[in-house]
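To start, the structure itself, in structure tokens.
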Amino acid sequence: MAGETFDVIVIGAGAAGGPLAARLADGGLHVLLLEAGGDPLDPKSDPGDGRPLGDDYRVPAFHAFASEHRGMSQDFFVHHYDAPARERRDWRYDAAREGILYPRVRGLGGCTAHNAMIVVKPNDADWNHIAETTGDDSWRASVMQGYWEKVERCRTRWFPWRWAARLTGWNPLGHGWRGWMTTETAMPLRSLVDRGLRHEVFASLLAAADHHPGRANDWEGTLFDPNERPLWNAGASGIKILPMATRGHARSGARERVRDAERANPQRLTLRLNAEVTGLEIRDGRAVAVRYRHDGEERSAAARHDIVLSAGAFATPHILMLSGIGDPAHLGAAGVPVTHALPGVGTNLQDRYEVGVVNRMKRPWKALRGVTYSRADWTYRLWRWLRLGNYKSNGLVFAARFRSRAELSEPDLICFALLADFRGYYPGYAQRILRPDYLTWVVLKAYTANTGGTVRLRPDNPAGPPDIRFRYFDEGSPGWEDDLHAVVAGIRFTRRISDAMSGRIAEEEEPGRHRSSEAALRAYVMDNAWGHHACGTCAMKPRAEGGVVDSRFRVHGLAGLRIVDASVFPRIPGYFPVGALYMLAEKAADTILADADAQG
């Protein structure tokens, strides 16, 4: 199979690469899709030494175990700070691995194979920002809305909206009804014995909202569904029920999109699993081929039209730099010959900030009685046979989206409740899920200011895992004080919720009520915040401003090479990345198909 030629080669079968390859094959191109891992539903991917990989992939409630499963996890250990003493103040710091766990996936579906399946449509401002940065109006939110409707197959709302859209074309809610990504909702306690919990959490959220400073009428007229087009008061704060990307209450993501396209286009889509890309071949200013390792053999494949990197915010710049594309000074220090100077590669790394406000309850949740998050309990059998019960949910109850400061144009905080003890990521973190007497409010800060992170080669081992440094807060970009203020505001908001539920709560274990002053909470956040939505390392913006790709996903100054994944976002979009990545893939597919048609 060495020396094969395809119309397009896509590297990485994750949230962007998988749907992109599927659409290109649907559009008539011959596509090679290379994925470094295996299929999580293939028994050969399961080492067979613990939990069944297929269950951890498919059962929504098992998503934490999926992220730690040896059959597909690819753990990076990253640096939150350059200063070692500061980094070691985080109890999650792993001295042996010299970093803090950042879970990723090596397998078909990428991080859609282990995420919490939350899917929230990006805000209009996210797309308009790209349009303004690039000068390309095809990125305007009014245009991008069409891609959302192409992707989504909404099953959170039914009659009459779905049928009205189908019969008349009238679609005031802005949902997609016939796409490939099914969205469902699953309240974990809807039919179980803890019936009072939903009402109590909802009432407590309302009480907290009443005391939160914001715009006039900011919490009025809002919708439970964050993906619904508001008819008034756009961008308002509100209580939300976060939809999930599931089909029949089982995980459904990029893997399913690729497998469906394979069945529909067996002659046009070639999926090669366990194929480790080692570099790109550049000749006369054009990317012409991909080198990869498969079944112990070094191979190569050529592309007639395009090679597309969709390996993610860490691996995409890593592959570029190993191929000699990047900052000449850095490549020279790592001993890599320069094939194309592009200093922006691996810069602009950014993420959201998250912390967990962890409450131990006075009594275990009735709904979690007997739940072991395994095949051994009746809840699993209820899910397997009838798709009912707790296991069809990712564990979220309600969420609140709101502004940390009244003058912000978009809500920048989401706080959501988990019936679990969740304190961030570290080896073995999923085992805390088994504790039935905890309620965690996760505070997520969107639209962070920090773009000071980098992905770099290690001079002593360029082909090994890259050196990833986020440079949190004061080590990063200006505006960090506002980010820090926002996370503290989110903690105070969740504490007001807890105050309204004081009859149930025994103790706030993290951050702990002994940390009540502004200074104490700021110090706690700086030492303990985490993130897991990395993006921006090959930004879509002008080359003179540190950009790597243009508005048509083309790498500046190189023909035949594009990037389509989270690394191209010049600014971190919205709240959860997967919806934005699916839309990105659809737009990229249209762009590549149009250019291929023009080339003939």
- request: Look at the aromatic rings of Trp383 and Tyr380 and report parallel, tilted or perpendicular, splitting at 30° and 60°.
  value: tilted

- request: For the pair Phe76 and Phe314, name the ring-plane relationship: parallel under 30°, tilted 30 to 60°, perpendicular over 60°.
  value: perpendicular

- prompt: Does NZ or CZ of Arg251 fall inside the cone over Tyr57's six-membered ring, less than 6.0 Å from its centre and within 45° of the axis?
  reply: yes

task: Quick one: sort the Tyr447 and Tyr575 rings into parallel, tilted or perpendicular, breaks at 30° and 60°.
output: perpendicular

message: Please give me the minimum heavy-atom distance between Ile241 and Pro226, naming the atom from each residue.
response: O-CD, 3.6 Å

message: Within the 3.5 Å criterion, strictly below it, is a donor on Asn450 or Thr448 matched to an acceptor on the partner's side chain?
response: no

- line: Between the SG atom in Cys111 and the CZ atom in Arg106, the distance rounded to the nearest 0.5 Å is 13.0 Å

- line: Closest heavy-atom pair, Pro103 versus Ser67, reported as atoms and distance to 0.1 Å, is CB-O, 4.3 Å

message: Counting neighbours of NZ on Lys362 that are heavy atoms of other residues, nucleotides or ligands and sit closer than 6.0 Å, is the number greater than 12?
response: yes

message: Is it true that, when you exclude Arg178 itself, more than 12 heavy atoms of the residues, nucleotides or ligands shown sit nearer than 6.0 Å to its CZ?
response: no

- prompt: Given the side-chain rings of Phe422 and Tyr438, with only the six-membered ring counted for Trp, is the space between their centroids under 6.0 Å?
  reply: no

field: Between OG on residue Ser404 and CG on residue Leu413, distance to nearest 0.5 Å
entry: 5.0 Å

task: Determine, for Asp42 against Arg255, whether the closest basic-nitrogen to carboxylate-oxygen distance falls under 4.0 angstrom.
output: no

- prompt: Quick check, are the ring centers of Tyr426 and Trp91 under 6.0 angstrom apart?
  reply: yes

message: Within the supplied structure, the quantity of interest is the number of heavy atoms (other residues, nucleotides, ligands) at a distance under 6.0 Å from Arg384 CZ; does it exceed 12?
response: no

field: All salt bridge (charged side-chain N to carboxylate O under 4.0 Å, His left out) counterparts of Arg259, not counting sequence neighbours
entry: Asp39, Glu262

query: Angle class for the Phe398/Phe224 ring planes (parallel below 30°, perpendicular above 60°, tilted otherwise)?
result: tilted

query: Looking at Asp565 and Ala16, what are the two nearest heavy atoms and their distance?
result: CA-CB, 3.9 Å

Minimum heavy-atom distance between Gly18 and Leu33, given as atom pair plus value: CA-CD2, 4.5 Å

Parallel, tilted or perpendicular, as decided by the 30° and 60° cut-offs, for the rings of Tyr472 and Tyr81: perpendicular

message: Looking at Glu228 and Arg157, is there a salt bridge between them, counting it only when a charged N and a carboxylate O are closer than 4.0 Å?
response: yes

message: Check Glu256 with Arg247, please: is the shortest side-chain N to carboxylate O separation under 4.0 Å?
response: no

Cationic N near anionic O, under 4.0 Å, Lys392 to Glu184: no

Arg360/Asp437 salt bridge by N-O under 4.0 Å criterion: no

task: Can you establish whether the number of heavy atoms outside Arg381 located under 6.0 Å from its atom CZ is more than 12?
output: yes

NZ or CZ of Arg515 within 45° of Tyr524 ring axis and under 6.0 Å: no

- prompt: Less than 4.5 Å apart, any side-chain heavy atom of Phe77 and any of Asp94?
  reply: yes

- request: Assess whether ring-ring contact (aromatic ring centres under 6.0 Å, His included) is satisfied between Phe493 and Trp441, documenting all intermediate values.
  value: CA-CA 10 Å; Phe493 180 88; Trp441 285 96; 7.8 Å; no

- request: Assess Arg272 against Tyr292: is NZ or CZ under 6.0 Å from the centre of the six-membered ring, and within 45 degrees of the ring's axis?
  value: no

- prompt: Is it true that Asp55 and Arg375 make a salt bridge, defined as a side-chain N closer than 4.0 Å to a carboxylate O?
  reply: yes

- line: Looking only at heavy atoms, the pair that brings Ala116 and Asn394 closest together is O-ND2, 2.8 Å

